[in-house]
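So you know, we letter chains A, B, ... as the sequences are listed, proteins then strands, and number each from 1.
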Number of protein chains: 2
Amino acid sequence: MAGEVNIKRLAQELNISIATVSKALNDSYEISLKTKNRVLSLAKELNYTPNPAASNLRSNKTKTIAVIVPNVANNFFSLAIKGIEEIARKYGHHVLIYQTHEDAEMEKSFTNSLLNGRVDGILTSVSSNEYNSDYYRDLVKKVPLVFFDRVYESLDAFKITTDDYQISFTATEHFIDCGCKSIAFLYGLGKLPAGRARLSGYQDALEAHGIEFRDELVLDYSEDEEVNFSNIKTLFKEYKPDALFSSIEEFIIPAYMACAELKFRIPEDVKILSFSNMSSAKLLNPSLTTITQPAFEIGNEAAKCLFKILNKRGVDDDKDIVLKSVLIKRASTGC
Amino acid sequence: MAGEVNIKRLAQELNISIATVSKALNDSYEISLKTKNRVLSLAKELNYTPNPAASNLRSNKTKTIAVIVPNVANNFFSLAIKGIEEIARKYGHHVLIYQTHEDAEMEKSFTNSLLNGRVDGILTSVSSNEYNSDYYRDLVKKVPLVFFDRVYESLDAFKITTDDYQISFTATEHFIDCGCKSIAFLYGLGKLPAGRARLSGYQDALEAHGIEFRDELVLDYSEDEEVNFSNIKTLFKEYKPDALFSSIEEFIIPAYMACAELKFRIPEDVKILSFSNMSSAKLLNPSLTTITQPAFEIGNEAAKCLFKILNKRGVDDDKDIVLKSVLIKRASTGC
DNA sequence: CTGTTAGCGCCTTCAA
DNA sequence: TTGAAGGCGCTAACAG
């Protein structure tokens, strides 16, 4: 369509062979400086760019990586993608993005469509609705792949994650230090290690401080915002927790709405803390303490890891990289 | 790496020719049903998938489109991408995503890297920092391209936009109806039609209601959040506006912070209205009236438009599609 | 230093 | 109904 200009054409115009042109373009040591310059300047003049399909076919490299995420309309993932892109660009690679919408079937179908050499490698954050461990066990043998954030822990594969357990423990302790006695836990991603680690951190912190863990203070996430809203109201009415620890961002809004409806002031009547990368919400709500994951850095590390694999360097490194999340306490509330 | 299984292999195993296999796979009428079935079942058994690089090279089609946006970590664009992906998947296409970070040079460099047939078409939302009209005038001749949201109006090209002028007019009227006399305008995207249309809508609404337009009530956006914060405080102190109309989401936070610092209550002391696709912020802040653009639909329409072009259908349709934004008034404030 | 040649995997004439 | 052959644009042996 656009191009029309290929190495054959360059070769003809310069009266040299196709191979010479190719080598000149690839800066081969076999070619004289003079020829290189002639080729390069004509290439520039004619606006030559190599046909990627042809190079791909020949070299079995696509200069393309794929990113598979549940969703891009999400603060965490969009930042992670930014981190990935930065590295990809540095390596001159293109980035294909696929959204699974938490659908494990779609996840598999996207992934399978990438196994025929469309990409050099894959970065993936698995969907939360089904445990697909067997599938990925086979997959990692077929294609360079790095998991980030949402991983299958039992898998022998490259994984970039955060310290979900540790930061949850710390956050729960923070509440306890503030004098909270009855801390409810809003539970999400229960099928994934990340979600379960957050729960464990909470449980263990309670235990460490001699506070009894009560099952009825744990609320499971529902896809339906209305249900979450009503469940939180019920939770407030029946068990009167003095704090809410939300393990996923999606609980923040129903929690706030429930407080508003019940005329609870935050943080005077009830404290709220959430995992969240919603930067603006933090600023808008000085009463909300948040755990922020280093989303950008996770993307960055994951991509770096993938390129290490692709370049066959340092693959003997530790396969598990764990980054630190940050607990941001709201100064204005003193807690 | 993964594949190894190609039509040659299929042909050998079945003792037929490569050409026959190829035709069978493409469901050619020349091939007997029996042969087709043999080929297809073996293909399935061996998990055959065609090598994309080879098909691309042969057919000059990549089954890939590119999306170029300023940023994905943004409510509007991430939703738009979702809309684009939905359509792309329907057409069996893959989606490359590039972020310009509002850098016109990067925008050009990405775009240029796509002109050699790496993609079948491009969807783009231009960056705001430089007016690149000449560049795009040439570009649209070289590659199927659809602009969405951020466009160059003077260009004869496919464009999917929203009713920025109209909705700004309506929103300003809404303020006037609420009794506001001194409405400040927080101005962004001034180099782009969308931004200027928002300003015009505001100006014309004032005029239509006999309110004088005052230049000092218009505040330009700065990249520096702190500067915006301080400018808004100054604006409040010097001109005491009773309403703020923010033409971009990025002003919301400094505006809120300024109000907090000056102990202004929203909406009693000052009303705030903003263009925003920050769904959570709306719910968290019942006092904020918002203009929400149909981001998902814009992506959807843009992608549909591109595939129409690629399939050479309906190209004579109107090149300009304008979708409607929605003004969401906060019931709780009565304004 | 430069050129010739043989494919990468697929599709498409054209011939059988 | 099937097969043989050529070529998409590029690269990598191998010769000269």
Query raised in the report: Do A:V119 and A:T64 touch side chain to side chain, with heavy atoms closer than 4.5 Å?
Result: yes

Report summary line: Expected string for nucleotides 10-16 of chain C under the B/S/- scheme (protein heavy atoms, under 4.0 Å, primed atoms plus P, OP1, OP2 as sugar-phosphate) is BBBBB--

Query raised in the report: Per the end-axis method with five pairs at each terminus, what is the bend angle of the helix from C:dC1-D:dG16 to C:dA16-D:dT1, to 10°?
Result: 40°

Query raised in the report: So, the side chain of A:K159 versus the backbone of A:E153: is there a donor-acceptor pair under 3.5 Å, distance only?
Result: yes

Report task. Say whether, by atom type as modelled, one donor and one acceptor occur between the side chain of A:N71 and the main chain of A:N74 under 3.5 angstrom. Result -> no

Report task. Residues of residues 35-46 of chain B with any non-hydrogen atom less than 4.0 angstrom from an atom of DNA chain C: list those, numerically ordered, please. Result -> none

**Report entry** Span of DNA chain D in contact with chain A (heavy atoms, under 4.0 Å)
**Finding:** D:dG9 to D:dC14

Query raised in the report: Under the ring pair (Phe, Tyr, Trp, His ring centres under 6.0 Å) test, which residues partner B:Y91, sequence neighbours left out?
Result: B:F307

Report summary line: ring pair (Phe, Tyr, Trp, His ring centres under 6.0 Å) filter on A:Y136, not counting sequence neighbours, yields A:F147, A:Y152

Applying side-chain contact (heavy atoms from CB on, under 4.5 Å), can you list everything that pairs with [X], at least two apart in sequence or on another chain?
X      : result
B:T49  : A:N116
A:Q293 : A:F76, A:D149, A:T162, A:D164, A:R198, A:F275, A:N277, A:S325
A:D120 : A:K61, A:T62, A:H93, A:L310
A:T35  : A:I16, A:T20, A:I31, A:S32, A:V39

Query raised in the report: What pairs meet the salt bridge (Lys or Arg N to Asp or Glu O under 4.0 Å) rule with one or both residues in residues 84-103 of chain A, with sequence neighbours excluded?
Result: A:E102-A:R150

Query - Sole candidate of A:L123, A:I84, A:V72 that passes side chain to side chain contact (heavy atoms under 4.5 Å, CB included) when paired with A:I97 - result: A:V72

Query - A:K23: salt bridge (Lys or Arg N to Asp or Glu O under 4.0 Å) partners, not counting sequence neighbours - result: A:E30

